[in-house]
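Notes to accompany the following structure.
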2 protein chains.
Amino acid sequence: MHIPSSRITINDIARLSGVSKKTISRVINQSPLVSEETRSKVEAIIAETGFVPNAQARALARGRNSLIALVHDGSDRGILEAVESGMLRGMEGSEFSLVLRPVEGDPVARLRSFIDQHRPTGIVLLPPLSESEELTLLCDETETRCVRLGRVRGEHGLACDDRTAMSELVAWLIRLGHTRIGLVSGPETSLTAQQRELGYLDAMADHDLDRGPALIAAGENSFESGMEAGRLLLEVSPRPTAIVACNDEMAAGVIQAAQRSGLMVPDAISVVGFDDTPLAARIWPALTSMHIPWAAMAQEAVSRIRGQAMAADDAPALKADLVIRNSVLPLENQSGAT
Amino acid sequence: MHIPSSRITINDIARLSGVSKKTISRVINQSPLVSEETRSKVEAIIAETGFVPNAQARALARGRNSLIALVHDGSDRGILEAVESGMLRGMEGSEFSLVLRPVEGDPVARLRSFIDQHRPTGIVLLPPLSESEELTLLCDETETRCVRLGRVRGEHGLACDDRTAMSELVAWLIRLGHTRIGLVSGPETSLTAQQRELGYLDAMADHDLDRGPALIAAGENSFESGMEAGRLLLEVSPRPTAIVACNDEMAAGVIQAAQRSGLMVPDAISVVGFDDTPLAARIWPALTSMHIPWAAMAQEAVSRIRGQAMAADDAPALKADLVIRNSVLPLENQSGAT
DNA sequence: TTGTAGGCGTTATCAG
DNA sequence: CTGATAACGCCTACAA
């Protein structure tokens, strides 16, 4: 016997309260088909005994486990912390638990066997996996609820407008007098990164500024790729007076590259990030960044999976928001050199 | 019917291969009591059909779920990333999945209901929760395997020697000529933090240096508390020439405080951290830090829970290791001011 | 080496 | 409103 007999089950409760298992089950599941009297009697006994329904048995009977999985490919670690804590907040006080599921290699096959094995109630997909239609199809097939973060179109999507947000960010730099603005782009396979790049191009075009390829360096969302891209952009002549990176990790890399080569930020060059991850506040100079409400989106995603999607009015605004810190100076206050 | 009948079960495999369920079960569980012939035939069919055993049914029958939980109280977010990825590496290719379980409030009650509900195979406890004997007892009671990270004594512990590591770190600063060395300590309720503080005191005493309370500021393992403690230490007169923080988050806070007040790191003051989290490499100047192999420990913890603890020889060394970056200068190369 | 019967704790069906 | 009875998919005893 694996399970200590001390562990109490629905049968014990049934016996103690003199009703059938099924009635206990109804009480547990808030079924309206129970008399007030019976319900309160049973509830008292449950409280008294500290009975907790066994999630495995339940999962087996229902064909669904009380798990919600966070599925990502590890390509953008910066936003993970916010997403995790948002999801956890959304599950607080519920029966649900959070499972971490990185998938590398063939995402469809990996995810399929994960779902077959654990039958989670739902999964939250992060970019760029959230951009795959295949994965959504897989969830439909397996009756797994699915929310795609950072991907607006489609019924399963939840995102804010990256393109507009980036364009506003760049427009803000332009208002500060900057005209030569470099971009560190994200992986070209990521639609989210593409949207951000388009936002940059929008703003530059709106103000008739040079948006030639020389001012754009390709990154991979990682700190290291940001450093590398930063080095490239710093050698462009004439040098950009501001650089915007498609996420905070890369922005931190740009700052590192700049300071190492003796260009102080923001005195010699301004740098801005995107996402507003915890890293932004911890580096020096503290990074000005466009806040993307990943935590709020993740929390809302969990609500949807739990079937408690808020009314449109109550839903959190899910809007991007500029957070000004210390990594940007108006052009007129910048010096040309160290 | 919740489960699409298309989903294949052990019964389908049994029928297809012309043997009984039990034999399939034996194959799945690597039982030696199966003939080579039968085994390979069954395995072929399993591969062909893509059959994945249902974890819920299995969990119900065995009384254990194929989950391993990471349990922490959120007080030291810096090491979470390393621990998560180490645990995931340890579970790669296995049937196990990682559940994230932050507990706030009454840890014993919270953990108990979590265990009752999900019956995880094991849990990994992070400091300071790993220091609680109560939680270990709870695991014993519920037959849940448990590994306590950062806590040496006892059969369930897995840690490296924080005290010695810190003392070596401080001794290294002393060899660089520093004599006035400040400390940002961790929460006094955390034994791990206490060990680190003791290591600092050891080294200072060994070299007959001032280790009075004026040079020690209390932190709470958070970035903000590090900034606050940093501000305090910078006002001590004469000012310390180096500050060591009990974790990287706080060290980043100290750097922020120093640079904001115009004291450049490391030119005016040296700063070192502890843990060597990803943050250390991302800030500027890059943080010199004592590497604590959290990822390796977490991976080993998972191995233990899976019952595959390596022989002592094969086990990863689990030793702390100094990682030198750019936040420290020998005293003679430091200038007294900006 | 393999198979049969029964149980794990819960939910669904359908009759009272 | 309530309760027998039969799943859910797998595993352990015990036989064969």
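Chain naming here is simple, since letters A, B, ... match the order of the sequence lines and numbering starts at 1 in each. Treat the numbers as computed from the prediction; the structure is a model and nothing was measured.
The CG atom of B/Asp12 sits 11.5 Å away from the CD1 atom of B/Ile46 when rounded to the nearest 0.5 Å. To the nearest 0.5 angstrom, A/Asn65 atom CG is 9.0 Å from B/Asn54 atom CG.
If you measure from atom CD1 of A/Ile24 to atom P of C/dT11, you get 11 Å, rounded to the nearest angstrom. Here the C1' atom of nucleotide C/dT10 and the CZ atom of A/Phe51 are 9 Å apart, to the nearest Å. In this structure, A/Asn65 atom CG and D/dG9 atom P are separated by 14 Å, rounded to whole Å. D/dC10 atom C1' lies 12 Å from atom CZ of A/Arg119, rounded to whole Å. Whole-Å rounding puts the A/Ile13 CD1 to C/dT11 P distance at 13 Å. Atom CD1 in A/Ile46 sits roughly 10 Å away from atom P in C/dT10 (whole-Å rounding). Protein atom CD of A/Gln117 is 20 Å distant from nucleotide atom P of D/dC8, rounded to whole Å. Distance B/Asp116 CG to C/dT10 C1': 16 Å, rounded to the nearest Å.
Residues A/Leu158 and A/Arg304 have side chains in contact (heavy-atom distance under 4.5 Å, counting atoms from C-beta outward). Side-chain contact between B/Ile10 and B/Pro53: absent, with no pair of heavy atoms (C-beta onward) separated by less than 4.5 Å.
Under the side-chain hydrogen bond (donor to acceptor under 3.5 Å, both in side chains) rule, A/Arg148 has a single partner from A/Glu131, A/His156, A/Glu133, which is A/Glu133.
Of all nucleotides listed (D/dC10, C/dT10, D/dC11), D/dC11 comes nearest to the side chain of B/Arg62. Closest contact between the side chain of B/Leu60 and the listed nucleotides D/dG9, D/dC10, D/dC1 involves D/dG9. Taking every side-chain heavy atom of A/Asn11 into account, C/dT10 is the closest of C/dT10, C/dT2, D/dC10. Counting only heavy atoms from C-beta on, A/Ala57 has its side chain closest to C/dT10 among D/dT2, D/dC11, C/dT10.
Side-chain N/O atoms of A/Ser35 include none lying less than 4.0 angstrom from OP1 or OP2 on D/dC1. Note on B/Thr9: every side-chain N or O is 4.0 Å or more away from OP1 and OP2 of D/dC8. Between B/Asn29 and D/dC11 there is a side-chain N or O to OP1 or OP2 distance below 4.0 Å.
Contact between A/Gly78 and A/Thr277 at its shortest, heavy atoms only, is O-CG2, 3.4 Å. When all heavy atoms are compared, the tightest approach of A/Thr9 to A/Phe51 is C-CE1, 3.6 Å.
Atom CD of B/Glu104 has more than 12 heavy atoms from other residues, nucleotides or ligands within 6.0 Å. Within a 6.0 Å sphere centred on CD of A/Glu134, other residues, nucleotides and ligands contribute 12 heavy atoms or fewer.
Nearer to the 5' terminus of DNA chain C, by closest-nucleotide assignment, is the contact made by B/Thr38 (compared with the other of B/Thr38 and A/Arg58).
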Could you list the protein-to-nucleotides 3-6 of chain D atom pairs, N/O on both sides, closer than 3.5 Å?
unit_1: D/dG3; atom_1: OP2; unit_2: A/Ser20; atom_2: N; d: 3.0
unit_1: D/dG3; atom_1: OP2; unit_2: A/Ser20; atom_2: OG; d: 3.2
unit_1: D/dG3; atom_1: OP2; unit_2: A/Thr23; atom_2: OG1; d: 2.6
unit_1: D/dG3; atom_1: N7; unit_2: A/Arg26; atom_2: NH1; d: 3.4
unit_1: D/dG3; atom_1: O6; unit_2: A/Arg26; atom_2: NH2; d: 2.5

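A/Asp73 places a side-chain N or O within donor-acceptor distance of the main-chain N or O of A/Ser75, the cut-off being under 3.5 Å.
Bending across the helix from C/dT1-D/dA16 to C/dG16-D/dC1, expressed as the angle between its end axes from five pairs apiece, amounts to 30° (10° rounding).
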